Amino acid sequence: MNDDKEATFSERNCSTEFQSPQQMDWLRIQDSLKRQLITEDDFKWRLPPKINEREKEGSNCEILLKYVGGVDLSFSKEDSSIACGALVVLDFQTLKVVYEDSSIVRLHIPYLPGFLAFREAPVLLELLDKMKKNAHPFYPQLLMVDGNGLLHPRGFGLACHIGVLADLPTVGVGKNLHHVDGLTQSRVREIRQAADSPENVLPLIGDSGCTWGAAIQSSQGSLKPIFISVGHRVSLATAIETVKMTCRFRVPEPIRQADIRSRERLRNHQ
DNA sequence: GCGACAG
DNA sequence: ATCTTGTCGC
(Lines give C-alpha, C1' and ligand atoms only; values in the text may rest on other atoms or scores of the structure.)
Protein backbone atom coordinates (compact mmCIF):
# COMPACT_ATOMS: atom_id res chain seq x y z
CA MET A 1 0.00 0.00 0.00
CA ASN A 2 2.01 2.94 1.22
CA ASP A 3 5.75 3.12 1.25
CA ASP A 4 6.93 3.00 4.87
CA LYS A 5 10.31 4.44 4.09
CA GLU A 6 8.91 7.50 2.34
CA ALA A 7 6.43 8.13 5.11
CA THR A 8 9.08 7.87 7.78
CA PHE A 9 11.42 10.26 6.01
CA SER A 10 8.73 12.79 5.27
CA GLU A 11 7.39 12.69 8.81
CA ARG A 12 10.75 13.02 10.47
CA ASN A 13 11.62 16.08 8.47
CA CYS A 14 8.44 17.93 7.74
CA SER A 15 5.93 17.17 10.47
CA THR A 16 5.07 19.94 12.85
CA GLU A 17 2.96 17.82 15.21
CA PHE A 18 5.69 17.07 17.70
CA GLN A 19 7.47 20.40 17.68
CA SER A 20 7.36 23.00 20.43
CA PRO A 21 5.93 26.43 19.58
CA GLN A 22 9.48 27.75 19.53
CA GLN A 23 10.57 25.09 17.09
CA MET A 24 7.58 25.80 14.87
CA ASP A 25 8.76 29.41 14.66
CA TRP A 26 12.22 28.20 13.81
CA LEU A 27 10.88 25.90 11.10
CA ARG A 28 9.07 28.85 9.53
CA ILE A 29 12.18 31.01 9.69
CA GLN A 30 14.30 28.31 8.08
CA ASP A 31 11.69 27.83 5.40
CA SER A 32 11.50 31.55 4.73
CA LEU A 33 15.26 32.11 4.60
CA LYS A 34 15.67 29.09 2.36
CA ARG A 35 13.79 30.91 -0.39
CA GLN A 36 16.77 33.27 -0.66
CA LEU A 37 19.31 30.47 -0.85
CA ILE A 38 21.60 30.33 -3.88
CA THR A 39 23.34 27.01 -4.48
CA GLU A 40 25.48 27.98 -7.45
CA ASP A 41 28.64 30.03 -7.82
CA ASP A 42 27.69 33.66 -7.39
CA PHE A 43 30.71 35.85 -6.70
CA LYS A 44 33.05 38.22 -8.48
CA TRP A 45 36.34 36.54 -7.66
CA ARG A 46 38.02 33.43 -9.02
CA LEU A 47 40.31 30.83 -7.52
CA PRO A 48 44.02 31.44 -7.91
CA PRO A 49 45.36 29.12 -10.63
CA LYS A 50 46.98 26.04 -9.17
CA ILE A 51 50.66 25.53 -9.62
CA ASN A 52 51.38 23.66 -12.87
CA GLU A 53 47.98 24.63 -14.19
CA ARG A 54 47.41 26.88 -17.14
CA GLU A 55 45.24 29.94 -16.72
CA LYS A 56 41.77 29.28 -18.00
CA GLU A 57 41.01 31.28 -21.09
CA GLY A 58 38.05 33.58 -21.23
CA SER A 59 38.37 34.22 -17.55
CA ASN A 60 38.04 37.96 -17.75
CA CYS A 61 37.73 38.19 -14.00
CA GLU A 62 40.55 40.17 -12.43
CA ILE A 63 39.72 39.62 -8.79
CA LEU A 64 41.41 36.67 -7.10
CA LEU A 65 40.11 34.97 -4.00
CA LYS A 66 42.39 36.23 -1.26
CA TYR A 67 40.44 36.58 1.98
CA VAL A 68 38.91 33.39 3.34
CA GLY A 69 37.10 33.54 6.66
CA GLY A 70 36.46 30.89 9.24
CA VAL A 71 34.04 30.85 12.18
CA ASP A 72 33.63 28.61 15.20
CA LEU A 73 32.45 28.59 18.80
CA SER A 74 34.07 27.06 21.86
CA PHE A 75 32.35 26.40 25.17
CA SER A 76 33.38 26.70 28.79
CA LYS A 77 33.73 23.37 30.52
CA GLU A 78 32.52 24.79 33.84
CA ASP A 79 29.51 26.65 32.47
CA SER A 80 28.29 25.27 29.18
CA SER A 81 26.22 28.40 28.54
CA ILE A 82 29.37 30.50 28.28
CA ALA A 83 30.83 30.48 24.77
CA CYS A 84 33.43 32.26 22.72
CA GLY A 85 32.68 32.91 19.08
CA ALA A 86 35.62 33.61 16.80
CA LEU A 87 36.03 35.00 13.31
CA VAL A 88 39.36 34.76 11.54
CA VAL A 89 40.40 35.74 8.04
CA LEU A 90 43.26 34.02 6.25
CA ASP A 91 45.18 34.78 3.10
CA PHE A 92 43.98 32.02 0.78
CA GLN A 93 47.42 31.45 -0.71
CA THR A 94 49.67 31.61 2.32
CA LEU A 95 47.07 30.47 4.89
CA LYS A 96 48.35 33.13 7.27
CA VAL A 97 45.86 34.76 9.62
CA VAL A 98 45.39 38.40 8.66
CA TYR A 99 42.44 39.21 10.92
CA GLU A 100 41.10 37.85 14.18
CA ASP A 101 38.23 38.81 16.42
CA SER A 102 36.25 37.03 19.09
CA SER A 103 33.42 37.60 21.50
CA ILE A 104 32.52 35.93 24.78
CA VAL A 105 28.79 35.55 25.28
CA ARG A 106 26.20 33.77 27.37
CA LEU A 107 23.91 31.59 25.28
CA HIS A 108 20.28 31.16 26.28
CA ILE A 109 19.26 28.85 23.50
CA PRO A 110 20.03 25.14 23.83
CA TYR A 111 21.53 22.99 21.15
CA LEU A 112 18.90 21.05 19.26
CA PRO A 113 19.86 18.92 16.25
CA GLY A 114 18.60 20.69 13.15
CA PHE A 115 18.44 24.08 14.89
CA LEU A 116 22.09 24.81 15.54
CA ALA A 117 21.90 28.18 13.77
CA PHE A 118 19.54 29.67 16.33
CA ARG A 119 22.15 29.04 19.00
CA GLU A 120 25.34 29.88 17.15
CA ALA A 121 24.60 32.24 14.26
CA PRO A 122 23.85 35.46 16.23
CA VAL A 123 27.36 35.80 17.72
CA LEU A 124 29.04 35.00 14.44
CA LEU A 125 26.86 37.39 12.43
CA GLU A 126 27.71 40.12 14.90
CA LEU A 127 31.43 39.56 14.39
CA LEU A 128 30.95 39.73 10.62
CA ASP A 129 28.79 42.82 10.88
CA LYS A 130 31.36 44.63 12.99
CA MET A 131 33.93 44.06 10.26
CA LYS A 132 31.59 45.17 7.52
CA LYS A 133 30.52 48.33 9.36
CA ASN A 134 34.17 49.32 9.64
CA ALA A 135 34.58 48.62 5.93
CA HIS A 136 37.54 46.48 6.87
CA PRO A 137 39.73 45.73 3.82
CA PHE A 138 40.08 42.09 4.87
CA TYR A 139 36.36 41.37 5.00
CA PRO A 140 36.09 37.74 3.79
CA GLN A 141 35.15 36.96 0.20
CA LEU A 142 34.25 33.43 1.27
CA LEU A 143 33.41 32.05 4.71
CA MET A 144 33.93 28.52 6.00
CA VAL A 145 31.54 27.51 8.73
CA ASP A 146 31.97 24.85 11.40
CA GLY A 147 28.66 23.12 10.71
CA ASN A 148 26.67 21.90 7.74
CA GLY A 149 25.02 23.77 4.91
CA LEU A 150 22.61 21.82 2.70
CA LEU A 151 23.46 18.61 4.57
CA HIS A 152 20.64 19.19 7.01
CA PRO A 153 17.16 17.69 7.62
CA ARG A 154 15.51 20.62 5.84
CA GLY A 155 18.45 21.54 3.62
CA PHE A 156 19.24 24.68 5.59
CA GLY A 157 22.03 24.25 8.13
CA LEU A 158 24.15 26.82 9.94
CA ALA A 159 26.32 27.59 6.89
CA CYS A 160 23.24 28.43 4.77
CA HIS A 161 21.73 30.46 7.60
CA ILE A 162 24.83 32.62 8.03
CA GLY A 163 25.34 32.88 4.27
CA VAL A 164 21.86 34.20 3.58
CA LEU A 165 21.76 36.61 6.54
CA ALA A 166 25.24 37.98 5.81
CA ASP A 167 24.75 37.75 2.03
CA LEU A 168 28.13 36.06 1.81
CA PRO A 169 29.40 32.97 -0.04
CA THR A 170 29.67 30.20 2.58
CA VAL A 171 30.81 26.58 2.76
CA GLY A 172 29.62 24.12 5.41
CA VAL A 173 32.13 21.76 7.01
CA GLY A 174 30.97 19.05 9.41
CA LYS A 175 33.29 16.83 11.42
CA ASN A 176 30.50 14.35 12.04
CA LEU A 177 27.75 13.19 9.73
CA HIS A 178 24.27 14.51 10.38
CA HIS A 179 22.09 11.61 9.29
CA VAL A 180 19.73 12.78 6.55
CA ASP A 181 17.80 11.05 3.75
CA GLY A 182 19.20 7.58 4.52
CA LEU A 183 22.79 8.83 4.71
CA THR A 184 24.31 7.09 7.72
CA GLN A 185 27.89 6.30 8.58
CA SER A 186 27.41 2.74 7.35
CA ARG A 187 25.95 4.10 4.11
CA VAL A 188 29.03 6.29 3.66
CA ARG A 189 31.20 3.20 4.15
CA GLU A 190 29.19 1.47 1.42
CA ILE A 191 29.64 4.43 -0.91
CA ARG A 192 33.38 4.31 -0.28
CA GLN A 193 33.49 0.60 -1.13
CA ALA A 194 31.45 1.15 -4.27
CA ALA A 195 33.82 3.85 -5.54
CA ASP A 196 35.69 2.26 -8.46
CA SER A 197 38.99 3.89 -7.60
CA PRO A 198 40.05 4.78 -4.06
CA GLU A 199 38.43 8.17 -4.40
CA ASN A 200 39.01 10.69 -1.64
CA VAL A 201 35.90 12.62 -2.63
CA LEU A 202 32.66 10.73 -2.10
CA PRO A 203 29.36 12.26 -3.22
CA LEU A 204 26.67 12.02 -0.56
CA ILE A 205 23.57 10.94 -2.46
CA GLY A 206 20.55 10.14 -0.30
CA ASP A 207 17.67 7.70 -0.81
CA SER A 208 15.74 10.42 -2.63
CA GLY A 209 18.54 10.76 -5.20
CA CYS A 210 19.43 14.22 -3.93
CA THR A 211 23.10 15.16 -3.51
CA TRP A 212 23.52 16.67 -0.07
CA GLY A 213 27.28 17.21 -0.10
CA ALA A 214 30.50 15.24 -0.19
CA ALA A 215 32.64 13.31 2.24
CA ILE A 216 36.34 13.85 1.73
CA GLN A 217 39.43 12.37 3.25
CA SER A 218 41.08 15.73 3.59
CA SER A 219 44.57 14.79 4.63
CA GLN A 220 46.78 11.74 4.70
CA GLY A 221 47.03 10.55 8.24
CA SER A 222 43.38 10.87 9.15
CA LEU A 223 41.03 8.20 7.90
CA LYS A 224 38.02 9.98 9.33
CA PRO A 225 36.38 12.08 6.61
CA ILE A 226 34.95 15.57 6.85
CA PHE A 227 31.58 16.43 5.36
CA ILE A 228 31.38 19.34 2.96
CA SER A 229 28.17 20.94 1.80
CA VAL A 230 27.03 24.04 -0.02
CA GLY A 231 26.29 27.00 2.22
CA HIS A 232 25.24 29.96 0.05
CA ARG A 233 26.29 31.38 -3.34
CA VAL A 234 28.76 28.52 -3.87
CA SER A 235 28.51 25.31 -5.90
CA LEU A 236 29.46 21.96 -4.40
CA ALA A 237 32.45 21.77 -6.77
CA THR A 238 33.74 25.13 -5.55
CA ALA A 239 33.05 24.20 -1.95
CA ILE A 240 35.13 21.04 -2.29
CA GLU A 241 37.89 22.84 -4.17
CA THR A 242 38.29 25.62 -1.62
CA VAL A 243 38.23 23.23 1.31
CA LYS A 244 40.87 21.01 -0.29
CA MET A 245 43.08 24.00 -0.98
CA THR A 246 42.99 25.14 2.65
CA CYS A 247 43.46 21.77 4.34
CA ARG A 248 46.85 21.49 6.04
CA PHE A 249 45.25 19.03 8.45
CA ARG A 250 41.89 17.29 8.64
CA VAL A 251 39.90 20.47 9.18
CA PRO A 252 40.43 23.37 6.74
CA GLU A 253 42.73 26.01 8.18
CA PRO A 254 40.21 28.88 8.53
CA ILE A 255 37.95 26.78 10.74
CA ARG A 256 40.86 25.23 12.59
CA GLN A 257 42.28 28.66 13.42
CA ALA A 258 38.88 29.91 14.58
CA ASP A 259 38.61 26.82 16.79
CA ILE A 260 42.09 27.20 18.27
CA ARG A 261 41.72 30.92 18.94
CA SER A 262 38.22 30.78 20.41
CA ARG A 263 39.31 28.02 22.78
CA GLU A 264 42.47 29.90 23.70
CA ARG A 265 40.60 33.12 24.50
CA LEU A 266 38.11 31.25 26.65
CA ARG A 267 40.92 29.75 28.73
CA ASN A 268 42.64 33.09 29.29
CA HIS A 269 39.48 34.90 30.19
CA GLN A 270 38.55 33.87 33.73
C1' DG B 1 9.22 0.88 21.40
C1' DC B 2 14.15 2.13 20.76
C1' DG B 3 17.90 4.37 18.83
C1' DA B 4 19.85 8.34 16.02
C1' DC B 5 20.38 13.23 15.84
C1' DA B 6 25.82 19.12 12.96
C1' DG B 7 27.73 21.84 17.50
C1' DA C 1 30.58 21.11 22.40
C1' DT C 2 33.49 19.03 26.67
C1' DC C 3 36.07 15.35 29.89
C1' DT C 4 41.68 13.56 28.94
C1' DT C 5 47.97 11.00 28.55
C1' DG C 6 50.74 9.27 26.22
C1' DT C 7 52.37 7.96 21.98
C1' DC C 8 53.78 7.36 17.25
C1' DG C 9 55.65 9.70 13.20
C1' DC C 10 57.38 13.43 9.91
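Just so it is clear, the model here is predicted, and its values are computed rather than measured. Proteins come first, then strands; the chains are lettered A, B, ... in the order of their sequence lines, and each starts at number 1.
- Taking Ile, Leu, Val, Met, Phe, Trp and Tyr as members and joining any whose side-chain heavy atoms lie under 4.5 Å apart, directly or through other members, the hydrophobic cluster of A:I82 also contains A:I104, A:L266.
- Taking the six-membered ring wherever Trp is involved, the centroid distance between the rings of A:F138 and A:Y99 does not fall below 6.0 Å.
- Evaluation of the ring pair (Phe, Tyr, Trp, His ring centres under 6.0 Å) rule for A:F75 yields no partner, not counting sequence neighbours.
- Counting to the nearest Å, the P atom of B:dA6 and the CD1 atom of A:I255 are 16 Å from each other.
- Every residue two or more places apart in sequence or in another chain was checked for a side-chain hydrogen bond (donor to acceptor under 3.5 Å, both in side chains) with A:T246, and none qualifies.
- Distance A:F118 CZ to B:dG7 P: 18 Å, rounded to the nearest Å.
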All N/O contacts under 3.5 Å from nucleotides 1-8 of chain C to the protein, with atom names and distances to one decimal?
unit_1 : atom_1 : unit_2 : atom_2 : d
C:dA1  : OP2    : A:K175 : NZ     : 3.2

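- Taking the side-chain hydrogen bond (donor to acceptor under 3.5 Å, both in side chains) definition, one finds that A:K175 meets it with A:D146, sequence neighbours left out.
- Taking atom CZ of A:F249 as the reference point, atom C1' of C:dG9 lies 13 Å away to the nearest angstrom.
- Spacing between atom NE2 of A:H178 and atom P of B:dA4 amounts to 14 Å, rounded to whole angstrom units.
- Atom-to-atom, CD1 of A:I228 to C1' of B:dA6 comes out at 15 Å; the value is rounded to the nearest Å.
- In terms of the side-chain contact (heavy atoms from CB on, under 4.5 Å) criterion, residue partners of A:L116 (sequence neighbours excluded) are, by chain and number, A:Y111, A:E120, A:L158.
- One can place CZ of A:R119 at 15 Å from C1' of B:dC5, the figure rounded to the nearest angstrom.
- Comparing atom distances between the A:H152 side chain and each of B:dC5, B:dA6, B:dG7 picks out B:dA6 as nearest.
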> Given pairs defined as Watson-Crick or G-U wobble with both distances under 3.5 Å, what dot-bracket annotation applies to DNA chain B, with ( ) intrastrand, [ ] crossing, | other strand and . unpaired?
Replying inline: .......
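- Aromatic ring pairs are classed by plane angle as parallel below 30°, tilted from 30° to 60° and perpendicular above 60°; the pair A:H178 and A:H152 is perpendicular.
- A heavy atom closer than 4.0 Å to some atom of DNA chain B occurs in A:G157, A:L158, these being the qualifying members of residues 156-171 of chain A.
- Within the structure, no pair that satisfies the ring pair (Phe, Tyr, Trp, His ring centres under 6.0 Å) test touches residues 229-270 of chain A, not counting sequence neighbours.
- For residues 157-166 of chain A, there are no side chain to side chain donor-acceptor pair (under 3.5 Å) pairs, not counting sequence neighbours.
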> Which dot-bracket string fits DNA chain C when only Watson-Crick or G-U wobble pairs with both atom distances under 3.5 Å count, crossing pairs get [ ], and | stands for a partner on a different strand?
Replying inline: ..........
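- Judged as a ring pair (Phe, Tyr, Trp, His ring centres under 6.0 Å), and not counting sequence neighbours, A:F227 has no contacts.
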